[in-house]
Each structure stands twice: as structure tokens, then as C-alpha cells.
Amino acid sequence: MITLVRNKLDVDTYLSLRASVKWKKLSRSQAQKALENSLFVVCAYDGKRPAGMGRIVGDGAVICYIQDLLVHPDYQGMGIGNRLLQELRNYVLSIREEGTEMMLDLMCAKDREMFYTKHGFIARPTKNLGPGMIQYLNDRHV
């Protein structure tokens with residue numbers, strides 16, 4: 001049975017889950033800081049084994065971002081991603097000020113667009129919204 005645990009993800013589990021889906025390596029200090037600066041973190045467990053996780057980052061008032069939503073390959077296709085996404089969305093809804101609109105954004109991994117569009121996310125660019133953009137800052141850009 002899969003259980004969701006809120007705001008108790010440790011660095012080793014975070015790094016292990018990231019490695020399971022072959023995401024870019026982070027230093028332990030980067031990972032620790034990322035977790036500490038998250039607004040909300042949820043991790044899915046199969047017993048004691050981590051099966052997936054997701055984070056919310058942002059200002060908590062105007063915009064929040066879904067970050068690091070991932071499911072361990074052994075657990076993909078079992079609805080865990082759907083549950084994690086719903087939990088993240090519910091958190092953002094819970095902090096939204098009544099009578100206001102809050103943006104919930106993300107940058108999805110390649111070929112995962114359909115997962116998010118079926119949950120009501122809009123792929124950019126559109127007629128009114130430009131493309132999402134990114135810039136990587138590293139030692140070469142100092």
C-alpha cells in the first residue's frame with residue numbers, strides 16, 4: 001500500500017529518487033538547501049521504500065512551481081504520479097488567498113507533457129503566452 005508523507009523527506013532519499021530517474025546529480029549541500037527552501041514536500045512510500053516525490057517552491061502568494069515530481073521506475077504506471085500531483089495541487093489551493101488567483105507552474109521532463117495536460121496544465125507557447133525558458137548558471141558563467 002502506498003502512503004504519502006508530508007514534509008519529512010531526507011537528503012539521502014531525495015538524492016536516491018533523483019538518481020533512480022537519471023536526473024542531474026546534485027551536491028548534498030544543494031539537495032539539503034533545496035529541501036529546506038521548499039514550501040511543501042511530499043514523498044510516496046511503499047512500506048519503507050520510497051516510490052516517488054514532489055516539491056512545491058515559490059513565493060506562496062502569487063506563484064508556486066511544481067519541482068522534482070518523479071516516480072521511481074519500479075513504481076511508474078501505478079497512479080503514484082497522479083496522487084503526488086494532486087497532493088501538490090491541494091497544498092497550493094490550501095495556501096491561496098480567497099478571492100485571488102495563484103499560478104501553479106512547472107517545467108516538465110521531455111515527453112511528459114501528456115501527463116500534465118491531462119491534469120489541466122497548458123503547454124506553452126500559446127497565442128497569449130510565450131515559451132517557457134531556462135538558463136543554466138555554472139562555473140563557466142562566472
Side-chain angles (χ1 to χ4, degrees), residues 1-97 100-142:
M1 181 170 137
I2 300 297
T3 57
L4 300 182
V5 177
R6 295 157 192 86
N7 296 319
K8 292 189 179 180
L9 182 62
D10 64 85
V11 174
D12 291 327
T13 302
Y14 178 47
L15 291 172
S16 174
L17 282 168
R18 287 181 61 91
S20 77
V21 293
K22 297 177 178 35
W23 280 3
K24 190 181 297 185
K25 285 189 174 188
L26 302 177
S27 71
R28 285 187 65 78
S29 62
Q30 270 185 307
Q32 183 65 49
K33 196 170 192 176
L35 291 173
E36 289 170 359
N37 289 324
S38 298
L39 294 174
F40 180 75
V41 179
V42 61
C43 190
Y45 288 90
D46 179 14
K48 292 185 178 185
R49 186 173 182 209
M53 56 100 32
R55 301 189 297 133
I56 294 290
V57 299
D59 62 25
V62 176
I63 191 165
C64 286
Y65 293 89
I66 293 175
Q67 188 63 41
D68 298 334
L69 178 57
L70 65 91
V71 176
H72 189 286
D74 293 348
Y75 293 94
Q76 291 177 5
M78 299 171 61
I80 294 169
N82 295 325
R83 286 185 62 194
L84 289 168
L85 182 58
Q86 189 61 47
E87 188 75 11
L88 296 170
R89 187 177 179 277
N90 286 345
Y91 169 77
V92 174
L93 284 169
S94 78
I95 64 170
R96 184 188 59 82
E97 188 177 318
T100 68
E101 181 175 75
M102 191 177 232
M103 289 183 288
L104 179 57
D105 293 352
L106 61 89
M107 291 177 52
C108 71
K110 187 163 177 50
D111 299 325
R112 299 289 187 235
E113 297 86 354
M114 290 302 296
F115 172 77
Y116 293 103
T117 56
K118 79 177 184 181
H119 288 281
F121 286 85
I122 301 165
R124 294 178 73 166
T126 67
K127 179 182 173 199
N128 297 318
L129 299 171
M133 301 179 85
I134 191 168
Q135 182 181 73
Y136 290 104
L137 303 176
N138 54 46
D139 290 344
R140 289 176 279 162
H141 296 98
V142 177

Exercise. Which is it for Y65 and D59 under the side-chain contact (heavy atoms from CB on, under 4.5 Å) test, yes or no, and what are the steps along the way?
Worked result: CA-CA 9 Å; Y65 293 89; D59 62 25; over 6 Å; no

Is there a donor-acceptor pair under 3.5 Å between the side chain of [X] and the backbone N or O of [Y]?
{"X": "Q67", "Y": "I56", "value": "no"}
{"X": "S16", "Y": "T13", "value": "no"}
{"X": "D46", "Y": "R49", "value": "no"}
{"X": "S38", "Y": "A34", "value": "yes"}
{"X": "R55", "Y": "D68", "value": "no"}
{"X": "Q30", "Y": "S27", "value": "yes"}

Min side-chain heavy-atom separation [X]-[Y] under 4.5 Å:
{"X": "K24", "Y": "R18", "result": "yes"}
{"X": "L9", "Y": "M53", "result": "yes"}
{"X": "L84", "Y": "L4", "result": "yes"}
{"X": "D105", "Y": "F121", "result": "no"}
{"X": "M102", "Y": "I95", "result": "yes"}
{"X": "V92", "Y": "F40", "result": "no"}

Of the non-hydrogen atoms in [X] and [Y], which two are nearest, and what is the gap between them?
{"X": "Y14", "Y": "A31", "answer": "CD2-CB, 3.6 Å"}
{"X": "H72", "Y": "S20", "answer": "CD2-CB, 3.3 Å"}
{"X": "L17", "Y": "C43", "answer": "CD1-SG, 4.1 Å"}
{"X": "P131", "Y": "P125", "answer": "N-CB, 3.7 Å"}
{"X": "L39", "Y": "G58", "answer": "CD1-O, 3.5 Å"}

To the nearest 0.5 Å, tell me how far [X] [atom1] sits from [Y] [atom2].
{"X": "R124", "Y": "M107", "atom1": "CZ", "atom2": "CE", "value": "11.0 Å"}
{"X": "L104", "Y": "L88", "atom1": "CG", "atom2": "CG", "value": "8.0 Å"}
{"X": "L106", "Y": "C64", "atom1": "CG", "atom2": "SG", "value": "12.0 Å"}
{"X": "L35", "Y": "N7", "atom1": "CG", "atom2": "CG", "value": "10.0 Å"}
{"X": "I80", "Y": "L69", "atom1": "CD1", "atom2": "CG", "value": "11.0 Å"}
{"X": "W23", "Y": "L15", "atom1": "CH2", "atom2": "CG", "value": "12.5 Å"}

Kindly check if the number of other-residue, nucleotide or ligand heavy atoms within 6.0 Å of [atom1] ([X]) is above 12?
{"X": "E101", "atom1": "CD", "value": "no"}
{"X": "I122", "atom1": "CD1", "value": "no"}
{"X": "Y75", "atom1": "OH", "value": "yes"}

Problem set entry | Verdict with reasoning, I66 to C108, per side-chain contact (heavy atoms from CB on, under 4.5 Å) | CA-CA 9 Å; I66 293 175; C108 71; over 6 Å; no

Problem set entry | All salt bridge (Lys or Arg N to Asp or Glu O under 4.0 Å) counterparts of D111, not counting sequence neighbours |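 Per chain and number, D111 pairs via salt bridge (Lys or Arg N to Asp or Glu O under 4.0 Å) with no residue.
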
For this session: Only counting residues at least two apart or in another chain, list the ones meeting salt bridge (Lys or Arg N to Asp or Glu O under 4.0 Å) with R28.
Result: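 Salt bridge (Lys or Arg N to Asp or Glu O under 4.0 Å) check on R28 returns D12.
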
Exercise. Can you list every side-chain hydrogen bond (donor to acceptor under 3.5 Å, both in side chains) pair that touches residues 79-92, not counting sequence neighbours?
Worked result: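 For residues 79-92: R6-E87, N82-H119, Q86-N90.
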
